[in-house]
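What you see is a predicted model, and the numbers here were worked out from it, not measured in a lab.
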Amino acid sequence: MARVMLVTVLVLVGLASPASAAQEFRVLQLNLCHSGVNTSCYNGAATLQEADSVITAEQPHVLSLNEICANDLSRLAPAMGNGFSTFAPARRPDGTPVRCTNGDEYGNGLIFRSPATGTVFTGQYATQDGGNERRVYVCAEFADLVACSTHLSTTGDVAMSQCKEAIALLRGRAVAGRPTVLAGDFNLKYAPWFGPDVQDCNSSPFYRKGDGSVQHVFAANLQYVRTEVTRMTTTDHPALQVVYSRP
């Protein structure tokens, strides 16, 4: 009789545990080199096809996109369940949008699996290099999440200043306990042989995970689970997915 009672208790515990388990929360970062300007890594429609396959396989909750054309969002949205999306163009020194060779605006985007509408905020960084592209960030804020995408300067000290500005912009929300993520191509490496270290722009309560090169995701108030890096053949960056857990 005692043996039967023990088995029953174990079964009941096994049934109850999933209800209290944390859920995975996945953030996927892609730099697609899809402007057509940089011909060394531009592969046209094949890039979006590969991105679509990666998104479908990884099933992220948040998708951060760099070096895309504005209309790429609608092409990739079905793989994200046609959830909420937003885009911000990089800017020329005169304030006009940078454009892809097809005429679309060029910049950074976010797609969310949830259809809930976020409050969008975007802007240019105070520090810029001497090139023709003014670097920007794009963010969306929800009741239970703040998420941003960015693509920083290729000049190391300028990228560091921009990184610190982005973290400072979001830190108040993170300190208040909001789940917060900042993803992108930072053009900064972790523990490089020379040049600035991306870790030096971090500030508590954020922590950083990367692809071993220049793509990173900073997060706060989310529990880290694992990092997944997937090679891509139609762009010059791998796919970086960071998996977290949340209640």
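Residues in residues 136-147 take part in these side chain to side chain donor-acceptor pair (under 3.5 Å) pairs, two or more places apart or across chains: E141-R173, E141-R178. The salt bridge (Lys or Arg N to Asp or Glu O under 4.0 Å) pairs that include a residue from residues 27-53 are D52-R75, where partners are two or more places apart or lie in different chains. Among residue pairs with one or both ends in residues 104-119, none qualify as salt bridge (Lys or Arg N to Asp or Glu O under 4.0 Å); sequence neighbours excluded. Among residue pairs with one or both ends in residues 197-247, those qualifying as disulfide bond (SG atoms under 2.5 Å apart) are C163-C201; sequence neighbours excluded. Pairs engaging residues 187-198 under the salt bridge (Lys or Arg N to Asp or Glu O under 4.0 Å) rule: none recorded [sequence neighbours left out]. For residues 89-117, every residue pair satisfying the ring-ring contact (aromatic ring centres under 6.0 Å, His included) rule, not counting sequence neighbours, is listed here: F112-F142.
Looking only at distances, no side-chain donor or acceptor of S114 sits under 3.5 Å from a matching main-chain atom of F84. Looking only at distances, a side-chain donor or acceptor of R26 sits under 3.5 Å from a matching main-chain atom of E58. Looking only at distances, no side-chain donor or acceptor of S64 sits under 3.5 Å from a matching main-chain atom of T150. Side chain of E133 to main chain of V98: no donor-acceptor pair is present (N/O by atom type, distance under 3.5 Å, no hydrogens or angles). The main-chain N or O of S204 is found under 3.5 Å from a side-chain atom of R171 such that the two form a donor-acceptor pair. Side-chain N or O atoms of H34 include one that pairs as donor or acceptor with a backbone N or O of G44 at under 3.5 Å. Without hydrogens or angle criteria, R135 side chain to L152 main chain gives a donor-acceptor distance under 3.5 Å.
Rounding to the nearest 0.5 angstrom, the gap separating the OG1 atom in T96 from the CZ atom in R134 is 10.5 Å. Distance check: R92 CZ to R99 CZ gives 10.0 Å after rounding to the nearest 0.5 Å. Interatomic distance, CD of Q162 versus CD of Q128, reported as 5.0 Å (0.5 Å rounding). Interatomic distance, N108 CG to S149 OG, rounded to the nearest 0.5 Å: 4.5 Å. Between atom CG of residue L76 and atom CG of residue L48 there is a gap of 5.5 Å, rounded to the nearest 0.5 Å. Here the straight-line distance linking atom CG of N43 with atom CG of L32 works out to 11.0 Å at 0.5 Å rounding.
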- Message: D185 vs N31, test: side chain to side chain donor-acceptor pair (under 3.5 Å). Steps then yes/no.
- Response: CA-CA 7 Å; D185 177 348; N31 181 324; 2.8 Å; yes

- side chain to side chain donor-acceptor pair (under 3.5 Å) between S153 and N187: does it pass, once the steps are laid out? CA-CA 7 Å; S153 170; N187 279 310; over 6 Å; no

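Across Q199, R208, Q29, a single residue satisfies side-chain hydrogen bond (donor to acceptor under 3.5 Å, both in side chains) together with H216, and that is R208.
D157 meets the side-chain contact (heavy atoms from CB on, under 4.5 Å) test with T155; sequence neighbours excluded. By the ring pair (Phe, Tyr, Trp, His ring centres under 6.0 Å) test, F218 is found to be paired with F186, residues two or more places apart in sequence or in another chain being considered. Contacts of F206 classified as ring pair (Phe, Tyr, Trp, His ring centres under 6.0 Å), with partners at least two apart in sequence or in another chain: none. For F25, the ring pair (Phe, Tyr, Trp, His ring centres under 6.0 Å) criterion is met by H61, not counting sequence neighbours. Shown here are the ring pair (Phe, Tyr, Trp, His ring centres under 6.0 Å) partners of H151, two or more places apart in sequence or in another chain: there are none.
Transitive grouping of hydrophobic side chains (ILVMFWY, heavy atoms separated by less than 4.5 Å) keeps L28 and V243 in distinct clusters. Hydrophobic clustering (side-chain heavy atoms under 4.5 Å, transitive across Ile, Leu, Val, Met, Phe, Trp, Tyr) keeps M232 apart from L240. The cluster map of Ile, Leu, Val, Met, Phe, Trp and Tyr, joined by side-chain heavy atoms under 4.5 Å apart, puts M160 and I167 in the same cluster. If you chain together hydrophobic residues whose side chains sit under 4.5 Å apart, Y207 and V27 fall into the same group.
Annotation: side chain of E24 is not in contact with side chain of Q59 (no heavy-atom distance under 4.5 Å). Side chains of V146 and F121 form a contact here, defined as non-hydrogen atoms less than 4.5 Å apart.
With side-chain heavy atoms closer than 4.5 Å counting as contact, directly or through intermediates, the hydrophobic cluster containing W193 also holds F194.
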